[in-house]
Engineer: 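Shown below is the structure under consideration.
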Amino acid sequence: MSQSQFVSKYTTDALQTAAQTLLEGNLVAFPTETVYGLGADALNKQAVARIYEAKGRPSDHPLIVHIHSTQFMGQWVDDVPEYAIALARDFWPGPMTLIFKRSSLAQDFITGGQDTVGIRVPNHVVALALLEAFHNLGGRGVAAPSANRFGHVSPTTAKAVSDELSEYLNSEDQIMDGGPSAVGVESTIIDCTSANPRILRPGAITEEMIKQSTGLVELGTQTPGAPRVSGSLEKHYAPAAKVYLDQTPIAGQGFIAASRRVTPKGVTRLAAPKNADEFARDLYTALRKADELGLQEVVVEQPQGEGIAVAIRDRLLKAAAGR
Ligand code: TXA
Ligand code: MG
């Protein structure tokens, strides 16, 4: 059993304590607008090793470094193309991760041995306050993957983090509660190491928004040998229940679909979002609920169209893979 505590009132003292906890080499799970992250001091090899242990994640998968202000990005990266400056200016703090050539600060235990590093400034008051407090204590950045076991659904509440990871945390670690994540799917990952930006993982910052911000007409396309994104493995973002896409649900199954769809008799409705934003926000909670209710199978009717629906379909394809 874990003694790790929930910190729900963020006085300056509480934030200070959490930042200090990180600096001492412990783990702090914290809320962001996308999903909850499991944080460690990005310069501390032992602390980062504990992230991999807690997640059960292969150690060659790189981690995103979180900072509270774009101004500190330069410490971590070399070679920032002009389009990336536009993206950072327009979308940070926000649901976007940029991949750059790394500086010597980003060591192999962060980058999985690659010569690139991912940076993000999250848009959540608790995350930003924690990262700033960490910075004020002399910290340089917080490495954080989503706070779930490897391959599982990302957590969008503190309770989901606790359900996933509390048995792998110790009494010095902390889970900070910042309420449900507003976006609900992981950040857009954009490779900024080539002439044109390339989307490695779709998210709330869409292709259209990237083109608009950078003035570029075409984005780069994914090529073989591109940097590894673990979410691009076949089965990922998956609950224990089997996920089926775009079928008519039958009695005994769970069902996630837009609110206009009726729930057939005997089917357990897990979410009825009114639009794509709501779909993204509710999706992971709904998939978790399927497991809590002991459902074996869930049918999801995918949202159509562009925008964040692209990210939702990306995650659902992976959740359904390897069923
Ligand atoms: O919204 C998010 O991005 C959340 C919150 C906590 O910030 N974090 C997150 O981290 O989703 P994670 O580790 O679960 O997913 C990050 C993905 C991984 O698939 C990883 O392989 C990829 O980003 N990644 C990280 N650094 C990379 C790099 N240098 N090159 C290519 N991919 C990278
Ligand atoms: Mg993840």
Side-chain angles (χ1 to χ4, degrees), residues 27-40 42 48 51-52 54-68 76-78 91-103 106-124 126-128 130-131 141-156 160-161 164-165 176 178 181-194 198-205 222-223 225-233 235-238 280 284 308 311 314-315 318-319:
L27 303 183
V28 174
F30 60 95
T32 84
E33 82 280 32
T34 57
V35 302
Y36 276 65
L38 180 63
V48 170
I51 290 181
Y52 288 97
K55 280 188 63 94
R57 180 179 182 169
S59 61
D60 61 344
H61 286 263
L63 297 173
I64 297 169
V65 176
H66 295 70
I67 54 179
H68 72 284
W76 288 96
V77 309
D78 282 335
F91 303 127
W92 274 347
M96 176 181 78
T97 297
L98 300 181
I99 308 281
F100 297 102
K101 277 243 152 353
R102 67 173 169 182
S103 75
Q107 297 169 67
D108 284 348
F109 60 83
I110 288 296
T111 70
Q114 302 182 94
D115 61 356
T116 57
V117 63
I119 306 289
R120 180 158 110 83
V121 182
N123 187 18
H124 190 291
V126 173
L128 288 170
L130 173 69
L131 294 169
V142 173
S146 52
N148 51 280
R149 294 284 288 169
F150 185 62
H152 285 191
V153 177
S154 297
T156 53
V161 175
E164 284 275 328
L165 295 180
M176 302 183 90
S181 297
V183 173
V185 295
E186 303 80 358
S187 62
T188 305
I189 301 181
I190 307 170
D191 178 2
C192 299
T193 62
S194 306
R198 285 184 309 158
I199 297 179
L200 301 182
R201 180 177 71 183
I205 302 302
Q222 185 113 32
T223 51
R228 289 188 299 271
V229 177
S230 69
S232 60
L233 290 178
K235 186 175 159 82
H236 224 83
Y237 311 109
Y284 290 161
I308 200 163
D314 170 77
R315 307 307 190 274
K318 283 155 193 158

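For ligands, and for the atoms within them, numbers begin at 1 and follow the listed sequence.
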Engineer: Distance under 4.0 Å to a non-hydrogen atom of Thr116: what atoms of ligand 1 satisfy this?
Structural biologist: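 Those of ligand 1 that fall under 4.0 Å from Thr116 are 28 (C), 29 (N), 30 (N).
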Engineer: Backbone or side chain, does any N or O of Arg120 fall under 3.5 Å from an N or O of ligand 1?
Structural biologist: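 It does: an N or O of Arg120 is found under 3.5 Å from an N or O of ligand 1.
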Engineer: Any donor-acceptor pair under 3.5 Å linking the side-chain atoms of Glu186 with those of Ser146?
Structural biologist: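 Side-chain D/A pair, Ser146 to Glu186: absent.
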Engineer: Just which atoms of ligand 1 are under 4.0 Å from any heavy atom in Ile189?
Structural biologist: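 Those atoms are 17 (C), 22 (C), 23 (O).
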Engineer: Side chain of Ser181, backbone of Thr32: donor and acceptor closer than 3.5 Å?
Structural biologist: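 Yes, because the side chain of Ser181 sits within donor-acceptor range (under 3.5 Å) of the backbone of Thr32.
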Engineer: Polar contacts were defined as any N/O atom of the residue lying under 3.5 Å from an N/O atom of the ligand; does this apply to Ser146 and ligand 1?
Structural biologist: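 Yes - when backbone and side-chain N and O of Ser146 are compared with those of ligand 1, one distance drops under 3.5 Å.
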Engineer: Hey, can you tell me if Tyr237 and Tyr284 have their rings parallel, tilted or perpendicular (30° and 60° cut-offs)?
Structural biologist: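 Answer is parallel, since the angle falls under 30°.
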Engineer: Do any of the N/O/S atoms of Ser146, backbone or side chain, fall under 2.8 Å from the Mg ion (ligand 2)?
Structural biologist: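 Of the N, O and S atoms in Ser146, at least one lies under 2.8 Å from the Mg ion (ligand 2), which means yes.
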Engineer: Report the residue from Thr116, Asp108, Asp115 that forms a side chain to side chain donor-acceptor pair (under 3.5 Å) with Arg102.
Structural biologist: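 Going through Thr116, Asp108, Asp115 one by one, the side chain to side chain donor-acceptor pair (under 3.5 Å) with Arg102 is satisfied by Asp108 alone.
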Engineer: Considering the heavy atoms of His66, write down every atom of ligand 1 situated less than 4.0 Å from one of them.
Structural biologist: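 Within the 4.0 Å cut-off of His66, ligand 1 contributes 5 (C), 6 (C), 7 (O).
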Engineer: Please round to the nearest 0.5 Å and tell me the distance separating atom CD1 of Ile51 and atom CZ of Arg57.
Structural biologist: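 Here the interatomic distance stands at 8.5 Å.
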Engineer: Would you check if there is a donor-acceptor pair between the side chains of Thr34 and Ser187 at a distance under 3.5 Å?
Structural biologist: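 No, no side-chain donor-acceptor pair sits under 3.5 Å.
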Engineer: Can you confirm whether or not the ring centre of Phe150 sits under 6.0 Å from the ring centre of His236?
Structural biologist: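 Aromatic pair counts; centres sit under 6.0 Å.
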Engineer: Provide the closest heavy-atom pair for Ala204 versus Thr188 in the form atom of the first, atom of the second, distance.
Structural biologist: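 Closest approach of Ala204 to Thr188, heavy atoms only: N-OG1, 3.4 Å.
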Engineer: Show the atoms of ligand 1 that are less than 4.0 angstrom away from any heavy atom in Glu186.
Structural biologist: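 Heavy-atom distances to Glu186 below 4.0 Å select 1 (O), 11 (O).
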Engineer: Should Thr34 be counted as touching ligand 1, given the test is an N or O pair under 3.5 Å?
Structural biologist: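 In this structure, Thr34 places an N or O atom under 3.5 Å from an N or O of ligand 1.
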Engineer: Run the numbers for me: atoms of ligand 1, each under 4.0 Å from some heavy atom of Gly37, listed by number.
Structural biologist: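 With Gly37 as reference, the close atoms of ligand 1 come out as 6 (C).
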Engineer: Would you indicate which of Pro62, Gly118, Pro31 comes nearest to atom 25 (C) of ligand 1 when only heavy atoms are counted?
Structural biologist: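 Minimum heavy-atom distance to atom 25 (C) of ligand 1 goes to Pro62.
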Engineer: In ligand 1, which numbered atoms sit nearer than 4.0 Å to a non-hydrogen atom of Arg201?
Structural biologist: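 Selected atoms, number and element: 2 (C), 3 (O), 9 (C), 11 (O), 15 (O), 16 (C), 17 (C).
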Engineer: Distance check, rounded to the nearest 0.5 Å: Arg201 atom CZ versus Thr97 atom OG1?
Structural biologist: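 Nearest 0.5 Å value for the CZ-OG1 distance: 6.0 Å.
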Engineer: Hey, is Ile99 one of the residues with a heavy atom under 4.0 angstrom from ligand 1?
Structural biologist: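 Contact present.
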Engineer: Any idea which atoms of ligand 1 are less than 4.0 Å away from a heavy-atom of Val117?
Structural biologist: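 The list of qualifying atoms is 29 (N).
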Engineer: Of all heavy-atom pairs between Ala147 and Glu164, which one has the smallest distance, and what is that distance?
Structural biologist: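 Looking at all heavy atoms of both residues, the closest pair is O-CB, 3.9 Å.
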Engineer: Should you measure from each heavy atom of Ser187, which atoms of ligand 1 turn up under 4.0 Å away?
Structural biologist: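 Ligand 1 atoms under the 4.0 Å threshold to Ser187: 1 (O), 2 (C), 3 (O).
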Engineer: At a non-hydrogen distance cut-off of under 4.0 Å, which region of Met96 contacts ligand 1 (side chain, backbone, both, or neither)?
Structural biologist: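 Neither part.
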